[in-house]
Structure formats: C-alpha cells, structure tokens
Amino acid sequence: MTTTDSTTETGPVDDERPRQRRHRHKDTERGFSRGFRLIATAAGILLLLVLAAVALFLLVRGWAALTASDAEMQARGGLPSGFTSLAQYVAPLVFGTLLAALLALVIATPVAVGIALFVSHYAPRRLAGAVGFVIDLLAAIPSVVFGLWGVQTLGPVIAPVWKWVAGALNLIPGLTVAYTPTGRALATTSVVLAIMILPIITAVSREVFKQTPRLHEEAALALGATRWEVVRTAVLPFGRSGVISAAMLGLGRALGETMAVLMILSPGLSMSFQIFGAGQHTTIAANIAANFPEASGLAVNTLIATGLALFVITLAVNMAARAIVARRKDFSGAN
C-alpha cells in the first residue's frame with residue numbers, strides 16, 4: 001500500500017517536468033527574440049545616425065563655400081581659371097561623374113546578367129562554382145590595382161579601338177569626335193569601372209535568379225518551352241526587381257570610385273560627350289583626391305561642398321532605386 005501511494009504521488013511530478021521544460025524553452029526563445037529585435041533596431045538607428053552625421057559634416061564644412069560670394073570664391077575658393085562661381089565649378093564635375101557611372105552601368109549590366117544566368121541555369125555545377133569564384137574574386141582586387149592595370153595595360157591596348165570608333169563617327173556629317181592615342185579617356189575609365197562593378201551586379205543577380213520557384217520553371221518546361229523560353233518567361237520576370245537593385249548598387253560603387261578614375265583619366269572640366277578625348281572630364285571623387293592635399297582655407301570648404309553634391313546624387317540614386325523596386329515588385333513574379 002505504501003509503494004502504491006508513493007508511485008501515485010510521483011507520477012504527476014514526473015508529468016510536470018516536460019511541461020516546465022517546454023515553458024522554460026519558450027521563455028528562452030522569447031528572450032532571444034526580444035534581444036535580437038532590440039539589436040536589429042539599434043543597428044538600424046545607428047546606421048541612420050551615421051548617415052545623418054555624414055550629411056551634417058558635409059553641410060557644416062561646406063557651408064562657407066555655399067554662402068561665399070563669387071568674388072570670394074575667385075579669390076580664395078580654389079576655383080580654376082575661368083570659373084566664377086561654385087555652381088559653375090560643380091556642374092562639370094557632376095556631369096563627368098554621372099556620365100562615367102552611367103557608361104559603366106550600361107557596359108556592366110548586360111554582361112553581369114548574362115554571367116548570372118549562365119552560372120545559375122546553364123553551366124554544370126563544377127563549372128558554375130569555378131566561374132562564380134572567379135567573378136567574386138574581382139571584388140577583392142583593390143581599386144589601385146585596377147587603376148594601374150587600366151593606365152599601363154588597357155589604355156594603350158584599347159586606344160586603337162577608340163581611334164577606329166572616332167574615325168567612323170567622324171564620317172557622319174557635322175560630327176567631330178576627338179580621341180587620344182594614350183587611351184586616358186572617359187571611355188577607358190568607364191570600361192574599368194564596369195569591370196569593378198561587375199562582381200556586385202553578378203552576385204546579387206545570381207542569387208535572385210536561384211530563388212526562382214522551381215514549380216514555375218517545371219511548368220514552363222511541361223508546356224514545351226525551351227531553356228531560353230524558361231529564362232525569358234519565368235526567371236527574368238521573377239528577378240527583375242533584384243536585377244534593378246543590383247544595378248543600383250553597382251551604380252553607387254561607380255559614382256564613388258576614386259583611385260582608378262584618378263589614375264586613368266586625364267582630367268578636364270568640360271560638359272561634353274567627347275568620351276574618347278583627353279582632358280575633357282573628371283569626377284567629383286577624383287577631383288577631391290587630386291586637389292585636397294594642397295587645398296587650404298576656403299578651398300577646402302569648396303571641395304567639401306562638391307562632396308556634398310556627390311552625397312546628394314548617391315542618395316537620390318538609392319531613393320530612385322527603392323521607388324523602382326517598390327513599383328515593380330508586384331509584377332516580378334515573387335508573389
């Protein structure tokens with residue numbers, strides 16, 4: 001009788017232990033979830049604070065140049081000869097920056113999408129891994145190496161190509177296209193920038209294409225579609241928003257690139273489309289790197305003001321990319 005009573009008494013206790021462990025496990029999960037949410041929120045707030053600090057620094061340090069008169073800018077602002085105001089000085093810098101980045105984007109995006117499709121849907125697994133590794137390795141090469149390669153190797157090799165293109169364009173009546181035999185032109189710089197942003201666009205596009213629902217591809221194959229038709233009707237519509245995001249990331253990298261542009265491009269301050277000639281264009285980042293070591297006083301504020309212009313351009317590009325992605329996500333096939 002005693003044994004039976006003890007067994008009966010210990011039974012409910014044993015039944016309570018798993019329940020208590022489950023409750024403790026749920027409490028632990030809630031604690032981790034709450035902690036992760038706090039860390040993620042703090043990281044987001046910190047990012048916004050850093051961005052605001054950068055914008056505030058550029059605005060405060062560039063305010064002297066933004067509010068200076070044209071006479072002060074000509075006397076102490078470090079403006080090149082022939083320039084009378086800050087707006088006149090910034091305009092060709094913005095033009096050169098946008099032109100170089102857009103040319104690089106036009107060159108790199110089709111190539112990157114083609115490589116991403118080849119790696120994700122065409123190549124055998126081993127070959128796809130090797131190609132993906134080589135493309136990702138391009139992102140690890142320092143920009144100064146790209147600059148050295150561009151000015152020492154690519155420039156002399158590609159200069160005859162630019163000469164031929166310029167000669168062909170000069171056959172058009174009323175059109176005069178200049179070129180430089182050294183290859184140190186905006187066209188060469190754009191090719192190097194395209195190679196530099198290629199890994200970013202390729203990596204993001206590849207991962208997006210791999211996320212295409214398998215059922216979509218199998219349904220297209222079941223209807224008799226070829227592999228290209230599967231890519232065209234299922235993969236590309238699904239990954240359109242991802243490709244746009246990847247292109248905007250690459251554009252942001254091209255807008256801010258400094259050393260490669262500084263080493264390759266023969267600088268100039270003109271707003272022209274003579275991309276094969278020397279001494280025509282420069283970018284904001286390359287101009288700051290070239291002139292900042294010798295600048296002083298108001299000239300420093302002038303360069304920081306041009307940096308503020310680059311910050312605004314980059315911010316506008318990212319906001320436009322977010323708007324495009326948000327508008328097209330309902331038609332991407334992701335839903």
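No hydrogens, no waters, no symmetry mates; every other heavy atom, side chains included, goes into these values.
- In the hydrophobic clustering of this structure, Trp63 groups with Phe57; members are Ile, Leu, Val, Met, Phe, Trp, Tyr whose side-chain heavy atoms approach within less than 4.5 Å, directly or through other members.
- Here the OG1 atom belonging to Thr189 is positioned 9.5 Å from the CG atom belonging to Leu154, to the nearest 0.5 angstrom.
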side-chain contact (heavy atoms from CB on, under 4.5 Å) for Leu169 and Thr176? Distances and angles first, verdict last.
CA-CA 8 Å; Leu169 293 175; Thr176 302; over 6 Å; no

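- Grouping the Ile, Leu, Val, Met, Phe, Trp and Tyr side chains by contacts below 4.5 angstrom, directly or via other members, places Ile195 apart from Leu249.
- In plain terms, the two heavy atoms of Ala185 and Ile275 that are nearest each other are CB-O, 3.3 Å.
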With a 3.5 Å cut-off and sequence neighbours excluded, list the donor-acceptor pairs that the side chains of residues 75-85 form with protein atoms.
from: Thr84; atom 1: OG1; to: Gln88; atom 2: OE1; distance (Å): 2.9
from: Ser85; atom 1: OG; to: Gln88; atom 2: N; distance (Å): 3.3

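- For the pair Leu66 and Ala305, the tightest heavy-atom approach, listed with the atom from each and the gap, is CD2-CB, 4.3 Å.
- Among the candidates Leu310, Val261, Leu262, Leu93, the single residue satisfying the side-chain contact (heavy atoms from CB on, under 4.5 Å) test with Asn287 is Leu93.
- Hydrophobic clustering of Ile, Leu, Val, Met, Phe, Trp and Tyr side chains at less than 4.5 Å, counting indirect connections, unites Phe146 with Leu186.
- At least one donor-acceptor pair under 3.5 Å links the side chain of Thr188 to the backbone N or O of Gly183.
- Checking Asn170 against Tyr179 by side-chain atom types alone, no donor-acceptor pair falls below 3.5 Å.
- The main-chain N or O of Phe209 is found under 3.5 Å from a side-chain atom of Thr212 such that the two form a donor-acceptor pair.
- Taking the side chain as every heavy atom from C-beta outward, Glu257 and Ser143 approach each other to under 4.5 Å.
- You'll find the side chain of Ser241 stays beyond 4.5 Å of the side chain of Ile244, heavy atoms only.
- Scanning all heavy atoms of the two residues, the minimum distance from Met73 to Ala68 falls at SD-CB, 3.9 Å.
- Here the straight-line distance linking atom CG of Leu298 with atom OG1 of Thr302 works out to 4.5 Å at 0.5 Å rounding.
- A single hydrophobic cluster is seen to contain both Val145 and Met196, as judged by linkage of ILVMFWY side chains at heavy-atom distances under 4.5 Å, directly or through other members.
- Using a 4.5 Å heavy-atom cutoff, the side chains of Gln274 and Val177 are in contact.
- The shortest heavy-atom contact between Leu255 and Ala101 is CD2-CB, 3.6 Å.
- Residues Ile201 and Ile115 are not in side-chain contact: their nearest non-hydrogen atoms beyond the backbone lie 4.5 Å or more apart.
- The hydrophobic clustering, which links ILVMFWY residues whose side-chain heavy atoms are closer than 4.5 Å, places Val165 and Val106 apart.
- Ile197 contributes atom CD1, which lies 12.0 Å from atom CG of Leu138 (distance to the nearest 0.5 angstrom).
- The CD atom of Gln280 sits 4.0 Å away from atom OG of Ser270, with the distance rounded to the nearest 0.5 Å.
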Evaluate Leu51 against Phe311 for side-chain contact (heavy atoms from CB on, under 4.5 Å), listing each step before the verdict.
CA-CA 10 Å; Leu51 186 65; Phe311 178 85; 3.7 Å; yes

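- In terms of modelled atom types and a separation under 3.5 Å, the side chain of His281 and the main chain of Thr97 share no donor-acceptor contact.
- Remark: Asp136 engages Ala203, Arg206 in a side chain to side chain contact (heavy atoms under 4.5 Å, CB included) (not counting sequence neighbours).
- To the nearest 0.5 Å, atoms CD1 (Ile284) and CG (Leu303) are separated by 11.0 Å.
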Could you go through the side-chain contact (heavy atoms from CB on, under 4.5 Å) check for Val243 and Val208 one step at a time?
CA-CA 8 Å; Val243 171; Val208 171; 5.7 Å; no

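- The structure places CZ of Arg227 at 9.0 Å from NE2 of His121, a figure rounded to the nearest 0.5 Å.
- Within 6.0 Å of CE on Met271 lie more than 12 heavy atoms contributed by other residues, nucleotides or ligands.
- Of the possible polar contacts, one joining the Asn301 side chain to the Arg61 backbone as a donor-acceptor pair under 3.5 Å is found.
- Between the Ser205 side chain and the Thr202 main chain, no donor and acceptor come within less than 3.5 Å of each other.
- Ser296 meets the side chain to side chain contact (heavy atoms under 4.5 Å, CB included) test with no other residue; sequence neighbours excluded.
- Note on ring orientation: taking the six-membered ring where Trp is involved, the planes of Phe276 and Trp162 are tilted (angle from 30° to 60°).
- Inter-residue side-chain proximity for Val235 and Phe238 is flagged as unmet; no heavy-atom pair is nearer than 4.5 Å.
- Crowding of Tyr122 atom OH: a count of heavy atoms from other residues, nucleotides or ligands under 6.0 Å exceeding 12.
- Ring pair Phe95/Phe273: centre-to-centre distance below 6.0 Å.
- Of the possible polar contacts, one joining the Glu72 side chain to the Ser69 backbone as a donor-acceptor pair under 3.5 Å is found.
- Residues Leu269 and Pro92 share a closest heavy-atom pair of C-CB, 3.9 Å.
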Using side-chain contact (heavy atoms from CB on, under 4.5 Å), reason through Asn318 and Met248 one step at a time and then give a plain yes or no.
CA-CA 7 Å; Asn318 282 277; Met248 292 303 103; 5.6 Å; no

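- Of all non-hydrogen atoms in Ala166 and Ala178, the two that sit nearest each other are CB-O, 4.5 Å.
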